[in-house]
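Have a look at the structure below before the remarks.
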Amino acid sequence: MLPRGARRNRIADTTAIPRRAAGRPYALRVSKLATAVKRILVGRPFSSERLAHTLLPKRIALPVFASDALSSVAYAPDELFLVLSVAGISAYSFASWVGLTVAVVMLVVVASYRQNVRAYPSGGGDYEVATVNLGRTAGLAVASALLVDYVLTVAVSISSAASNIGSALPFVATHKVTFAVAAIILLTAANLRGIRESGSAFAVPTYAFMIGIIAMLAWGLIRVLLLGEHLRAESAGFGLRAEGSQLVGVALVFLVLRAFSSGCAALTGVEAISNGVPAFQKPKSRNAATTLLLLGSISVTMLMGLIVLAQLTGVKMADDPARQLIGAPHGYEQKTLVAQIAQVVFDGFPAAFYFITGVTALILALAANTAFNGFPVLGSILALDRYLPRQLHTRGDRLAFSNGIIFLAGAATVLVIAFGAEVTRLIQLYIVGVFVSFTLSQTGMVRHWNRLLALGPDPAQRRRMRRSQAINLLGLVMTGSVLVVVLATKFAQGAWIAIAAMVVIFLVMRAIRKHYDRVSAELVPREIDTVLPSRNHAIVLVATLHLPTLRALAYARATRPDVLEAVTVNVDDASTRDLVAQWEARGLPVPLKVVESPYREITRPVIDYVKRARSDNPRNVVTVFIPEYVVGHWWEQILHNQSALRIKARLLFEPGVMVTSVPWQARSSARVSHREELVPGAVRWGMNTDHVKSTSSIPGNSTPASGKPAETPAASPPPGGVDGP
């Protein structure tokens with residue numbers, strides 16, 4: 001019988017405490033401010049039923065999934081001209097031909113991916129195509145390449161945005177890293193609000209960029225070609241010093257190939273639509289294919305327009321302006337290609353120049369949004385296939401894959417800081433991954449059509465399949481050739497870092513899958529595991545004879561074990577004698593055993609005693625009952641709840657040992673019980689928190705109903721107590 005005053009903490013309560021009342025009370029208090037900030041930045045949680053309302057129409061899908069490829073035209077021409085500048089002004093004559101070749105490759109890749117989205121609309125994209133048609137190894141190679149490419153997309157886009165804004169605002173030019181990190185944080189917060197919300201927010205800047213660039217190209221070409229005006233960029237009068245002697249023969253060919261590989265950065269982002277087909281409104285495949293066509297048409301138009309107008313206005317771009325530009329004033333800050341063109345085209349209208357510079361910087365920053373939508377989805381698919389941690393498959397409060405978004409932001413931030421937000425340094429790592437995925441994906445599609453053709457379709461279907469196969473075969477030849485060029489020209493400049501990262505990620509994913517497979521094999525139910533234990537030896541840990549101890553004893557007796565005993569550790573003779581005297585005076589029906597501890601340890605004597613109580617029979621178990629305190633203030637947790645954590649952490653590794661936490665709610669915990677806090681993950685798992693009950697006392701569950709390990713009275717403390725109430 002429990003003492004008077006223990007009624008409100010009767011044993012039945014230990015299995016019926018609402019989780020919101022007992023879930024990590026001190027942590028909830030500590031995180032109150034963080035939760036409020038989260039709600040301001042992210043918004044209120046969405047129920048799972050709202051998932052269908054997050055699907056995107058084409059007008060929103062274009063800025064969400066195509067912003068990367070559209071924005072690539074803002075820095076791909078820069079990189080093309082920078083590479084050619086090594087050979088002097090004469091090499092600029094190759095710019096149009098290199099740009100035209102890049103445009104042809106882009107159109108072929110777009111046409112190829114239109115076949116992909118129709119054949120594989122589930123959202124696996126290149127990973128699914130390669131896995132189904134080429135095997136797991138090829139699929140993992142594609143996945144690792146895409147994961148690296150998505151991280152680099154964020155780093156390159158944000159760094160390029162910093163450079164473009166720096167063309168108009170010198171302060172940003174001198175603090176590019178700070179600006180880039182802040183931009184990544186803002187993008188992360190926006191994407192955590194949900195894919196539709198972020199897409200709607202980013203649609204206006206994306207369309208403003210497209211309209212602004214096309215209007216600038218149209219007005220510039222009209223002024224030069226129709227009105228006959230002689231437009232000259234601010235760098236047109238500068239000379240360009242070649243690196244060493246004039247390059248000829250093989251060296252010149254290699255340089256042109258390097259320029260081509262840098263210009264191919266304009267193709268990045270095309271694959272994102274094939275990964276995001278499930279996010280489109282129905283009919284998903286057709287809408288995704290239409291968006292791809294729009295993406296290709298607009299990107300090619302802007303890319304070729306910028307290259308042609310740059311040549312007409314005499315833009316000079318140098319890798320090292322201070323050394324290469326002849327006639328440039330001291331301290332000259334080289335503007336980006338887009339900024340120089342906008343400055344001369346709108347020479348009488350400065351507001352248009354700032355508009356172009358602003359929207360270009362915005363689209364470059366928002367281009368990272370493509371990666372923020374592609375990386376989490378791919379991570380979720382890989383997690384479902386057990387190649388990445390399962391947490392990446394969980395949707396957040398706003399139905400976005402929050403863990404993937406946060407992981408991507410962290411990896412991109414590290415890259416930005418490590419490379420000083422320098423586009424020229426980061427671009428060397430770029431596009432290797434995306435062309436690996438392009439090539440393997442197109443190889444998989446060729447095999448996909450071969451497999452379908454072998455089934456003997458009717459003549460009309462066969463013609464359609466042959467046409468699609470021819471498109472994918474052309475895409476394979478194109479992307480494979482570009483991959484060879486990229487590896488040959490960029491490997492020594494930094495591409496090896498990206499390749500090494502792909503290899504590491506590939507091996508890590510293989511290791512994760514092996515771990516999950518091994519654990520799954522261990523957890524397969526066997527007949528012996530479904531048989532009830534033949535003998536249960538119950539041990540109640542005791543420090544002081546008080547209400548939590550009496551509650552634990554009563555609950556342990558209610559489980560009707562074969563053997564029940566109370567155990568205390570003697571770290572102070574006087575306290576132990578007093579405990580034994582109180583035990584005998586109360587006449588408790590459970591024997592109290594004293595374990596000696598000459599070195600005043602608590603954890604090791606308990607573990608050793610439990611091991612001795614364990615028999616060799618695999619059907620016998622030892623159940624350890626630990627009385628614990630549930631407190632309402634974070635600082636109270638510091639004063640208690642330390643021994644229980646250590647003991648349980650050790651007991652979890654002991655076979656045949658079950659740990660049962662018996663919580664005692666202190667008065668301060670009542671202040672938390674009235675809070676209407678949702679259980680973490682309740683929204684994403686569809687739980688009704690008003691009816692969720694804790695299971696604190698299930699044998700084998702080492703976490704109390706409170707969710708926090710309160711202190712166990714596992715040993716007799718010195719006089720005055722160190723952990724007791």
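All heavy atoms count here, side chains included; hydrogens, waters and symmetry mates do not.
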Shortest non-hydrogen separation from R614 to P655 and the atoms involved: NE-O, 3.0 Å
Side-chain (T559) to main-chain (A556) donor-acceptor, under 3.5 angstrom: yes
Restricting to non-hydrogen atoms, name the atom on E628 and the atom on S661 that form the minimum distance, rounded to 0.1 Å. OE2-OG, 3.2 Å
Residues which pass side chain to side chain contact (heavy atoms under 4.5 Å, CB included) with V414, listed by chain and number, not counting sequence neighbours: none
Could you measure the distance from the OH atom of Y516 to the CG atom of L388? Nearest 0.5 Å is fine. 8.5 Å
All side-chain hydrogen bond (donor to acceptor under 3.5 Å, both in side chains) counterparts of E584, not counting sequence neighbours: none
Distance from M658 atom CE to L651 atom CG, nearest 0.5 Å? 12.0 Å
How would you list, by chain and number, every residue that makes a side-chain hydrogen bond (donor to acceptor under 3.5 Å, both in side chains) with D608, sequence neighbours excluded? none
Give, for atom CG of L579 and atom OG1 of T544, the distance between the pair rounded to the nearest 0.5 Å. 7.0 Å
Spatial distance of atom OG1 (T603) from atom CZ (R646) [nearest 0.5 Å]: 5.0 Å
Non-hydrogen side-chain atoms of V624 and V606 separated by less than 4.5 Å: no
Using side-chain heavy atoms (C-beta onward) and a distance below 4.5 Å, is L588 in contact with L550? yes
Can any side-chain N or O of R604 pair as donor or acceptor with the backbone N or O of S597 at less than 3.5 Å? no
Can you find a heavy atom in the side chain of W664 that is under 4.5 Å from one in the side chain of H546? no
Filter on salt bridge (charged side-chain N to carboxylate O under 4.0 Å, His left out), then keep only pairs touching residues 502-512, sequence neighbours left out; what's left? none
Restricting to side chain to side chain contact (heavy atoms under 4.5 Å, CB included), what partner residues turn up for R535, sequence neighbours left out? H537, D562, V563, N620
Point-to-point distance, once rounded to the nearest 0.5 Å, from CG of D572 to CZ of R577: 8.5 Å
To check you understand the geometry: which heavy-atom pair defines the closest contact between V662 and A552, and what is its length? CG1-CA, 4.0 Å
List the atom pairs, with distances to 0.1 Å, where a side-chain N or O of residues 148-155 and a protein N or O form a donor-acceptor pair under 3.5 Å, not counting sequence neighbours.
from, atom 1, to, atom 2, distance (Å)
Y150, OH, N275, ND2, 2.6
T153, OG1, D149, O, 2.8
T153, OG1, Y430, OH, 2.9

For K514, all residues meeting salt bridge (Lys or Arg N to Asp or Glu O under 4.0 Å), sequence neighbours excluded: none
Note: D573 and N570 closest approach over all heavy atoms is OD1-ND2, 2.9 Å
So with a 6.0 Å cut-off around CZ of F419, is the heavy-atom count from everything else above 12? yes
Throw together a table of side-chain donor-acceptor distances under 3.5 angstrom for residues 375-385, partners on residues two or more places apart or in other chains.
from, atom 1, to, atom 2, distance (Å)
S380, OG, H393, ND1, 2.8
D385, OD2, Y127, OH, 2.8

Pairs involving residues 653-662, ordered by first then second residue, that meet salt bridge (charged side-chain N to carboxylate O under 4.0 Å, His left out) (sequence neighbours left out): K611-E654
Closest non-hydrogen contact found for L564 with P591 is O-CD, 3.6 Å
Distance from R390 atom CZ to N403 atom CG, nearest 0.5 Å? 14.5 Å
Tell me every residue that passes side chain to side chain contact (heavy atoms under 4.5 Å, CB included) with A566, counting only those two or more places apart in sequence or in another chain. V542, L553, W583, V590, L592
Residues passing the salt bridge (Lys or Arg N to Asp or Glu O under 4.0 Å) test with D517, sequence neighbours excluded, are R386, R513
Do you know which two heavy atoms are closest between K648 and I626, and how far apart they sit? CG-CD1, 3.4 Å
Any side-chain heavy atom of T660 sitting closer than 4.5 Å to one from F625? yes
